[in-house]
Amino acid sequence: MNWNKRLLKTPVLGDITKKIVSIKASREAHSIADHFTQFLQPQIATSEQLRSEVFKIRHNVYCEELAFEKIQANGEEKDEFDDQSIFSLIKHKPTDTYTSCVRLVKASGPGEKLPIEKYCLDSITNTNLSPERFNRAEIAEISRLAVKADFRRRQADQFKGSSTGVISEITYSETELRCFPFIAIGLYMAAATMGMNTGIRHVYVMMEPRLARSMKFIGITFQQLGAPVEYHGLRAPYYISPDIFMKNLSPGFRSLYQTIELDICQQLEQVN
């Protein structure tokens with residue numbers, strides 16, 4: 001056991017050390033929220049032009065970079081679930097460039113299924129949390145998260161198929177680097193906001209276990225529902241609810257979430 005772990009397990013000293021680490025992480029998270037606001041902005045795809053931006057980013061990542069899907073002549077990646085989805089992008093303010101996107105697939109219409117139900121339902125071994133057990137109007141799936149290669153630092157930093165959101169150090173300033181590692185986190189928070197403000201109570205996602213572990217570090221705690229399977233890489237089914245999301249989100253990262261929530265909610269009001 002290394003020194004840091006022994007210190008954390010030492011009575012009194014361990015509690016003090018954990019509190020110091022927590023305070024430091026919280027301060028850094030508030031700083032990240034400030035930088036996120038300065039350089040980045042979440043944007044709901046409320047127009048055909050913005051939806052086209054989503055499909056172009058997905059084509060860049062899923063077709064051109066990762067070769068998960070076929071190259072399309074129009075440079076846009078679409079599938080059967082887009083008609084039942086709402087989309088969010090994150091824009092880089094200084095260059096007015098859209099960096100990334102994510103969608104929230106809903107299944108409230110007759111015969112509509114979530115991607116996880118159509119392709120990976122057998123991977124869910126925790127049947128108590130299967131989407132089949134809940135009101136169709138209250139379930140959704142986060143999917144097609146994509147971050148453009150220009151906004152990621154090194155090949156080793158990328159989670160295949162979903163990306164981490166770390167950007168190129170050559171292209172962007174050192175100050176901007178402080179918030180770009182959290183592009184993927186911002187996308188999940190945007191998706192969570194869209195879900196909670198449209199009546200969603202049960203959310204699913206297929207993701208790499210290491211990405212789920214990194215999300216847990218900041219308090220976004222997904223519950224694994226089954227063993228990893230091959231689905232655009234090795235991925236496992238995960239579940240989260242609004243209650244779980246808000247309960248476990250670390251205090252510092254609540255600041256980032258509240259920043260994103262305010263922006264997204266204002267946009268939702270304009271749509272409605």
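Note that the numbering runs from 1 along the sequence shown for the chain.
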## Note on the structure
On a heavy-atom basis, the closest approach of Ala191 and Val102 is CB-CG1, 4.3 Å
### Summary
Connected to Tyr98, directly or through other members, by ILVMFWY side-chain contacts below 4.5 Å are Leu50, Val54, Phe55, Ile57, Phe87, Leu89
### Query
Distance-only, no hydrogens or angles: does the Gln267 side chain make a donor-acceptor pair with backbone N or O of Ile44 under 3.5 Å?
yes
### Task
Name all pairs fulfilling the side chain to side chain donor-acceptor pair (under 3.5 Å) condition that reach into residues 135-146, sequence neighbours left out, sorted by first residue then second.
Glu69-Arg144, Glu77-Arg144, Arg103-Ser143, Glu117-Arg136
### Task
Give, for atom CE of Met206 and atom CD1 of Ile124, the distance between the pair rounded to the nearest 0.5 Å.
8.0 Å
### Query
Taking C-beta and beyond as the side chain, do Leu129 and Phe134 meet within less than 4.5 Å on heavy atoms?
yes
### Carboxylate-amine/guanidinium proximity below 4.0 Å for Lys106 and Glu112
no
### Message
For a quick test of reading the model, state the closest non-hydrogen atom pair linking Met189 to Leu256 and the distance between them.
### Response
SD-CG, 3.9 Å
### Asn60 side chain reached by Lys148 side chain, heavy atoms, under 4.5 Å
yes
#### Entry: Side chain to side chain, Lys216 and Arg213, heavy atoms closer than 4.5 Å
no
### Task
Could you tell me the separation between the CD1 atom of Ile71 and the SG atom of Cys63, rounded to the nearest 0.5 Å?
5.5 Å
### Query
Going through the distances and angles, do Gln43 and Ile90 end up as a side-chain contact (heavy atoms from CB on, under 4.5 Å)?
CA-CA 6 Å; Gln43 175 73 60; Ile90 289 183; over 6 Å; no
### Query
So, do Leu40 and Lys91 sit near enough that their side-chain heavy atoms are less than 4.5 Å apart?
no
### Message
Taking the side chain as everything from C-beta on, heavy atoms only, tell me whether Leu104 gets closer than 4.5 Å to Ile142.
### Response
yes
### Query
Regarding Glu64 and His59, is there a side-chain donor-to-acceptor distance under 3.5 Å anywhere?
yes
### Query
Tyr231 and Pro115: which non-hydrogen atoms are nearest, and at how many Å?
OH-CB, 4.4 Å
### Message
Is the ring pair Tyr257/Phe245 parallel, tilted or perpendicular, if the boundaries are 30 and 60 degrees?
### Response
perpendicular
### Task
Please say whether more than 12 non-hydrogen atoms of neighbouring residues, nucleotides or ligands are located less than 6.0 Å from CD in Gln49.
no
### Query
Only one of Thr193, Leu145, Ile260 clears side-chain contact (heavy atoms from CB on, under 4.5 Å) with Tyr188; which?
Leu145
### Query
Is it true that Asp82 and Arg51 make a salt bridge, defined as a side-chain N closer than 4.0 Å to a carboxylate O?
no
### Task
Indicate whether any N or O donor in one side chain lies under 3.5 Å from an N or O acceptor in the other, for Ser52 and Glu76.
yes
Identify every side-chain donor-acceptor pair in residues 220-227 under 3.5 Å, counting partners at least two apart or on other chains, and give the distances.
residue	atom	partner	partner atom	Å
Gln224	OE1	Tyr238	OH	3.2
Gln224	NE2	Gly226	O	2.8

## Note on the structure
Of all heavy-atom pairs linking Ile200 and Ala137, the shortest is CD1-O, 3.7 Å
#### Entry: Where Ile264 and Ala190 come nearest, the two heavy atoms and their spacing
CD1-CB, 4.3 Å
### Query
Applying the 4.5 Å side-chain criterion to the ILVMFWY set and letting contacts propagate, would Leu234 and Tyr204 be lumped into a single cluster?
no
### Distance-minimising heavy-atom pair for Arg254 and Leu249
NE-O, 3.4 Å
### Query
Would you say Ile116 and Leu121 make side-chain contact, with heavy atoms under 4.5 Å?
no
### Inter-residue atom distance Met215.CE - Arg210.CZ, 0.5 Å rounding
12.5 Å
### same_hphob_cluster(Tyr119, Ile139) at 4.5 Å side-chain heavy-atom cutoff
yes
### Query
With distance as the sole test, does Ser241 use its side chain to make a donor-acceptor pair with the main-chain N or O of Ile244 at under 3.5 Å?
yes
#### Entry: Worked check of side-chain contact (heavy atoms from CB on, under 4.5 Å) between Gln41 and His92
CA-CA 7 Å; Gln41 180 180 19; His92 179 231; over 6 Å; no
### Query
Rounded to the nearest 0.5 Å, what separation is found between the CZ atom of Arg201 and the CG atom of Asp243?
5.0 Å
### Message
If you define the side chain from C-beta out and look only at heavy atoms, does anything of Cys120 sit under 4.5 Å from Pro237?
### Response
no
### Query
In Å and rounded to the nearest 0.5 Å, what is the CD to OG distance from Glu80 to Ser85?
10.5 Å
#### Entry: Atom CD of Gln72: over 12 foreign heavy atoms under 6.0 Å
yes
### Test item: Glu53 and Cys101 side chains (from C-beta on) under 4.5 Å apart, heavy atoms
no
